[in-house]
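Since the structure comes first, as structure tokens, the remarks are kept for the end.
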Amino acid sequence: MASIGQIVNPTSGSDALSRARQRAALIPDCLVEAKRIANTVIAGWHGRRKRGIGENFWQFRPYAEGESLSRIDWRRSARDDHTYVREREWEAAHTIWLWCDMSPSMMYKSSYGSVSKESRALVVMLALAEVLARSGERIGCPGIMDPVSTRNAAERLAAALMHTPLTGGLPETAMIRGWSDLVLIGDFLDDAQAVMERLGPLARRGLRGHVIEIADPAEEIFPYSGRTEFTDPETGARLISGRAEHIRDAYRNAYLARRENLGQSLRHLGWTFATHRTDHLASEALVAIHMYLSGMPAKATHGGQL
């Protein structure tokens, strides 16, 4: 039987330098793709803009009796018989921390997916950084980059990733203060209870969390049959099944139960959770995260497919 999936650019777990170089070579292409995706959805992104104190024009509205005459925009008012006030946009940058898992399991790509899970996670994270930066938000990456408020935040994050590659597992979060948003992107194949033991304290500190599970189609549908050898990318352990199709139902039940348990636990924390498959468009995940961050119901909610 032909191989269905493989680990992209497999490298010995002890060869950290080689893996770092591979990821550094991947990031420039991911940044280009991220900018392309961001440009396709930027027209629909409005962030948290609202009326208030700031430098940018927001809107004209009719003058209300009793307001200061200094607020009247006489040029706009001269166009017709009404008197208008010029309002400015409220500017208050929000801190949003972005993180994606770089565990060896993220390097997997099957013939059913268009890219590896690692590549898709990087593209989604950089695209989100690009869009958020255009909205004036402060962008940070735990342990990689302190929060910055600049239009080139995606480029700065990409450069930081090239010099300090992300590692596997959940990030260190001691530097994150409450009332921030934390976007976590990964495959989350660990036991749901173990994941929640790390995330629970973050929610109690006041962080709003958004978890995007990246999945390869083969991980869901389990298309294997006949004699099949499975390799654990984390440990290198191998399992040979004489008739892989006989364990398909048990595998799918366990895989989906892990996802459901994780989604339910995150909902109890008040966090959001959704799944994105690598055979879908990356822009779908970007739009969904936008909805979550803006406090609007997303098209595919907790545990839904993106």
Side-chain angles (χ1 to χ4, degrees), residues 3-11 13 19 23 98-125 142 165-173 182-200 202 209-224 228-239 241 244 247-267 269 271-280 282 285 300 302-306:
S3 174
I4 289 178
Q6 62 178 338
I7 301 298
V8 179
N9 295 324
T11 307
R19 283 197 60 189
R23 185 161 299 119
L98 309 178
W99 173 89
C100 65
D101 186 10
M102 291 292 104
S103 299
S105 64
M106 292 292 291
M107 301 177 72
Y108 179 75
K109 176 188 177 303
S110 76
S111 57
Y112 294 83
S114 57
V115 295
S116 69
K117 294 187 291 182
E118 175 189 49
S119 176
R120 179 54 55 84
L122 283 169
V123 165
V124 171
M125 181 172 69
L166 291 174
T167 57
L170 293 171
E172 293 297 327
T173 58
L182 176 63
V183 178
L184 303 174
I185 307 171
D187 55 16
F188 299 97
L189 293 177
D190 292 331
D191 179 73
Q193 182 176 353
V195 174
M196 295 309 302
E197 288 176 355
R198 290 289 309 278
L199 299 185
L202 299 182
H210 314 275
V211 174
I212 301 294
E213 179 194 28
I214 304 294
D216 188 280
E219 294 176 324
E220 287 192 354
I221 63 178
F222 199 81
Y224 310 99
T228 306
E229 180 180 279
F230 301 96
T231 303
D232 185 341
E234 307 282 345
T235 66
R238 298 187 176 186
L239 171 68
S241 174
I247 63 174
R248 180 176 297 130
D249 290 343
Y251 165 86
R252 282 179 52 82
N253 289 337
Y255 182 88
L256 296 177
R258 170 203 56 84
R259 174 182 292 169
E260 180 63 23
N261 289 338
L262 180 59
Q264 287 184 357
S265 299
L266 289 168
R267 287 197 294 276
L269 293 181
W271 286 25
T272 65
F273 174 77
T275 298
H276 173 74
R277 284 182 21 168
T278 57
D279 58 340
H280 292 191
H302 314 291
Q305 289 292 339
L306 301 178

Item to complete: Show your working on side chain to side chain contact (heavy atoms under 4.5 Å, CB included) between I212 and L184 and close with a plain yes or no.
Response: CA-CA 6 Å; I212 301 294; L184 303 174; over 6 Å; no

Discussion item. Before you tell me yes or no, could you show the steps for T272 and L266 under side chain to side chain contact (heavy atoms under 4.5 Å, CB included), namely the whole-Å CA-CA distance, both residues' side-chain angles and the distance that decides it to 0.1 Å?
Written reply: CA-CA 7 Å; T272 65; L266 289 168; over 6 Å; no

Worksheet item: Does the pair E213 and F273 meet the rule for a side chain to side chain contact (heavy atoms under 4.5 Å, CB included), with working shown?
Response: CA-CA 8 Å; E213 179 194 28; F273 174 77; 3.8 Å; yes

Worksheet item: Yes or no on ring pair (Phe, Tyr, Trp, His ring centres under 6.0 Å) for Y255 and F222, after CA distance, side-chain angles and deciding distance?
Response: CA-CA 10 Å; Y255 182 88; F222 199 81; 9.8 Å; no

Practice prompt. In sequence, state the C-alpha distance, the side-chain angles, and the governing distance for M196 and N261, and then conclude on side chain to side chain contact (heavy atoms under 4.5 Å, CB included).
Written response: CA-CA 10 Å; M196 295 309 302; N261 289 338; over 6 Å; no

Practice prompt. Any chance you could lay out the salt bridge (charged side-chain N to carboxylate O under 4.0 Å, His left out) test for E220 and R252, step after step, and finish with the verdict?
Written response: CA-CA 7 Å; E220 287 192 354; R252 282 179 52 82; over 6 Å; no

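Across all their heavy atoms, P142 and L98 have their closest contact at CD-O, 3.4 Å. Heavy atoms only, all atoms of each residue included: D101 and G186 are closest at CB-CA, 3.9 Å. Nearest heavy atom pair, residue R120 against residue R277, reads NH1-O, 3.9 Å. Nearest heavy-atom pair across R258 and A192 is O-CB, 4.1 Å. Minimum heavy-atom separation, S103 to E234: CB-OE2, 3.3 Å. Minimum heavy-atom separation, P171 to R198: O-NH2, 2.8 Å.
Although no hydrogens or angles enter the test, the distance criterion places a donor-acceptor pair under 3.5 Å between the side chain of D216 and the main chain of S110. R238 places no side-chain N or O within 3.5 Å of a backbone atom of D232 that could act as its donor or acceptor partner. A side-chain donor-acceptor contact under 3.5 Å links K117 to the backbone of S105.
Within the 4.5 Å cutoff, the side chain of S241 has heavy atoms near those of the I247 side chain. A 4.5 Å side-chain heavy-atom check between L202 and W271 finds at least one atom pair inside the cut-off. Using a 4.5 Å heavy-atom cutoff, the side chains of M102 and L122 are in contact.
Salt-bridge annotation for R259 and E219: absent, with no side-chain N of the basic residue lying under 4.0 Å from a carboxylate O of the acidic one.
Atom CD of Q193 sits in a sparse spot, with 12 or fewer heavy atoms from other residues, nucleotides or ligands closer than 6.0 Å.
Between Y112 and the choices D279, I221, T278, the side chain to side chain contact (heavy atoms under 4.5 Å, CB included) rule is met once, by I221.
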